[in-house]
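Quick notes on the structure that follows.
Values reported hereafter were calculated over all heavy atoms of this structure, with side chains retained and with hydrogens, waters and symmetry mates removed. Here is the naming used below: chain letters follow the sequence lines, and residue numbers restart at 1 for every chain.
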Amino acid sequence: MPNPFSPDASIMMTRAAALRLFACLLLVPGGCSALAQPVPADTVHLGLAEAIGRALAVSPEVGAVAAERDFAEARAGLARASRFLTEFNFTSAHAPGPGLKNVGDTPVDALYLNPDVRNDWDDLRPFTRVEVEMLQPLYTWGELGGNIRAAQHGVAVESAAVQAKEAEVALRTGELYYNLLLAGALRRVAGEAGDAVARAKAEIEKLLDEGAEDVDEADRFQVLITEQELRRRAAEVEQKYLTAQAALARQLFLPEGTVVVPVDATLEPVAFTLEPLEAYTARALARRPELAQAEAGLAAREALIDVARSDYYPKLFLGASATFSAIAGRHRQRNPYVGDPFLSRGVQVGLGLRQKLNFAQTRARVEQARAAYEEVRFQAEAARQLILFEVEEAYRNVSIAREALAAREEALRLSKEWLRTEQINFDLDIGDTDNLIKAVQANLELQAAVYEAIRAYNVAVLRLQRAAGLLPGDAGNGTLVD
Amino acid sequence: MLNRSGLLLLLIVGAFWLPVRHALAQDRAREVRALLEQRDREIKALLGDKETFTDRQREQLKDVINANIDFAAMGRAALGKYWDELTPAQRAEFVEVFSDIVRAHSLSNLDAYRSKVTYDEITVEGNRAHVVTTTTYNEVEMKIEYELGYHDGQWWVHDIILDDVSTAEGYARSFQSLIRKRGFEVLMERLRERRDKALAESGTT
């Protein structure tokens, strides 16, 4: 009879029960006790929110998309900078230049009057030329403004892409975290099964030593063979646990040899209240980054239509340029009709118009921009429908997982009652061995099944959070669940 | 139907009585907690870190562990409708044998009593109390609930629910099934055999 004050209420097995227990324990996922854990080089204890935060901080996937966002920001900066002094260049040139052959000692201010004066390439002098050019758009019919708006919306597109990638990474990290918790839970269940087998084996050995009549060598061989099968299972469950541990460590880009240990001691269902579907739909429409991305994309494409359309009209510019060139040993003639390519200075400032005259090309470019806008508009509508479907699917999956978990938990509770009753019956010699074995088997299988169901439920909740646009934002501030 | 004065009186009495009732429930919850904590402390003090115990120490442990169990109530619940069909002598013998078995087995796993216990919730309704505790054993948390009743000037444990499974109901299913199939005397026969075996295993007569 089980001790009512004893938490573990262990089974009191007879020889026959012990023998037959081996067979059923083999059906338990994992099979038997885990192998000893190697001593880790370093251990990191993480909760779900912390794991997600860490994954987001180091994820190269997020980093790559964030770099694209940075690129878009730089492009927006370029567009803004193009509003003023669209072109502003400075050029200088330095070279040796020829002196002059002054024939007949002509006065330097009358050299241009002497037809015999020549460049003297044997008398090279330092020559310098400096040019400054500037172009300031004054009115472009929306070209500059459109480019700036398109670039700014481009930043919003890329920022939303970063959020979408973060949600993807957060979800994957959450799944890996729950995978590890599940692997640990199954290892514990397997450990319980292994302990039971070990106790049964010890009982067989003891009875053989005592010369019990209803135990023989066949029973012993059966135990030994069973033990080997359990050994195989032990390796399997242990490797699966280590794989889950490694997967999370890789996701977090931890140094080699670092072992991740969840701070949660056991796999428990997340505390979560399922609200009506409409609440999640509304959140998704307000918060899903893909929708923000589509909206920003539409706005950018609209701005680009304005840019293309601006080519129909003449654009007004203010232009200015200044030139200065000098060479040593040559006298500058101030007469404006006398020009010397090695000696000059001048400034030009004025208004200008630029007009593309191939209107057929402009019309084609406008049509292209409109088509691109339509493409994004259709994509946005498709994204909206897909998101609504994702939310609905995720919502229903949470309901399914919740009911499955409740059913599994109730089944487990019933198996515990059944097992308790069979234990009492068995102890009073009124029980049936088969029933006890079946009760043990059902109890162990259902323990594993409940853990599987908890993992499925928790992941379903995470997926719903992601579908509603609540991941990873709410994970970061600790409000991932209720 | 109440008249206006009667309604007013009812409201006044209700307004006065509800806080008093709440305060009483809180006092009783404290009593229950103190009882269970005291029991836990005594068990742990007796256990210490010893691995082996003298017969006297084992008897002491049994007394402390089982001191507050109302075996009569638990036995009555286990027999259900068949309890009423028994004579006082049959009932007395049943309760005696039943308690002997439980007491003998209460020392089967002493490590369990060394586990850390937290008292999560104590609810008192009149002379009934429900206590939810969590015990961490072998690094695994397990819920243990106590159903208590107040009579004869103290609180008595009527049922212990281990990990969502009622001990009294477990006995009830088993005992009543056997009585149904083979009669009360066969149950008593089995219980007596079990008691003798348990006492022999625990080295007690």
Side-chain angles (χ1 to χ4, degrees), chain A residues 1-14 33-34 37 184-185 187-192 194-196 199 261-262 264-268 406 408-432 435-436 439 443 446-447 450-451, chain B residues 39 43 65-66 68-69 74 78 98 101-113 115 117 133-144 146 157 159-175 177-178 181-182 186-187 189-191 193-195 197-198 201:
Chain A
M1 190 171 299
N3 168 19
F5 275 112
S6 172
D8 67 345
S10 59
I11 304 167
M12 296 175 189
M13 278 182 295
T14 64
S33 63
Q37 268 279 84
R187 201 166 67 151
R188 277 193 293 278
V189 173
E192 282 180 30
D195 291 344
R199 285 199 302 273
V261 176
D264 299 287
T266 53
L267 178 59
E268 299 283 349
R408 293 285 190 198
E409 284 179 332
E410 179 59 15
L412 177 61
R413 194 191 63 75
L414 289 169
S415 82
K416 288 176 192 170
E417 285 189 358
W418 181 22
L419 181 56
R420 182 72 57 84
T421 304
E422 293 301 334
Q423 286 169 355
I424 293 169
N425 287 345
F426 202 87
D427 205 38
L428 294 175
D429 288 337
I430 58 173
D432 183 279
N435 287 342
L436 176 61
N443 181 256
L446 283 166
Q447 280 189 51
V450 164
Y451 284 127
Chain B
R39 172 179 170 273
I43 294 171
I65 289 168
N66 300 290
N68 301 98
I69 299 181
M74 197 177 277
F98 177 67
I101 294 171
V102 173
R103 281 172 56 85
H105 279 296
S106 63
L107 303 188
S108 61
N109 184 2
L110 293 176
D111 278 344
Y113 300 111
S115 308
V117 181
T133 70
T134 303
T135 299
T136 307
Y137 179 63
N138 284 343
E139 298 180 1
V140 177
E141 287 188 351
M142 180 180 279
K143 186 169 73 169
I144 302 179
Y146 296 90
V157 176
D159 191 11
I160 297 130
I161 302 163
L162 295 173
D163 203 18
D164 297 324
V165 179
S166 160
T167 302
E169 284 177 18
Y171 290 138
R173 275 190 295 271
S174 184
F175 292 179
S177 170
L178 183 58
K181 290 176 187 169
R182 303 170 73 175
V186 175
L187 170 67
E189 195 181 309
R190 294 280 187 263
L191 288 176
E193 285 172 9
R194 192 73 203 104
R195 188 251 316 264
K197 190 177 170 189
E201 282 170 358

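Neither the backbone nor the side chain of B/Asp159 comes within contact range of chain A; no heavy atom of the residue lies under 4.5 Å from a heavy atom of that chain. Of the atoms belonging to B/Glu169, it is side-chain heavy atoms, and not backbone ones, that fall under 4.5 Å from chain A.
Interatomic distance, B/Thr167 OG1 to B/Ile69 CD1, rounded to the nearest 0.5 Å: 9.0 Å.
A/Lys416 places no side-chain N or O within 3.5 Å of a backbone atom of B/Asp164 that could act as its donor or acceptor partner. Counting only distance, with no hydrogens or angles, the side chain of A/Arg408 and the backbone of A/Leu446 share no donor-acceptor pair below 3.5 Å. Formation of a donor-acceptor pair under 3.5 Å by the B/Ser115 side chain with backbone atoms of B/Ala112 is found in this model.
Ranked by heavy-atom pairs shorter than 4.5 Å toward chain A, the options B/Val186, B/Ile161, B/Leu187, B/Leu178 are led by B/Leu178.
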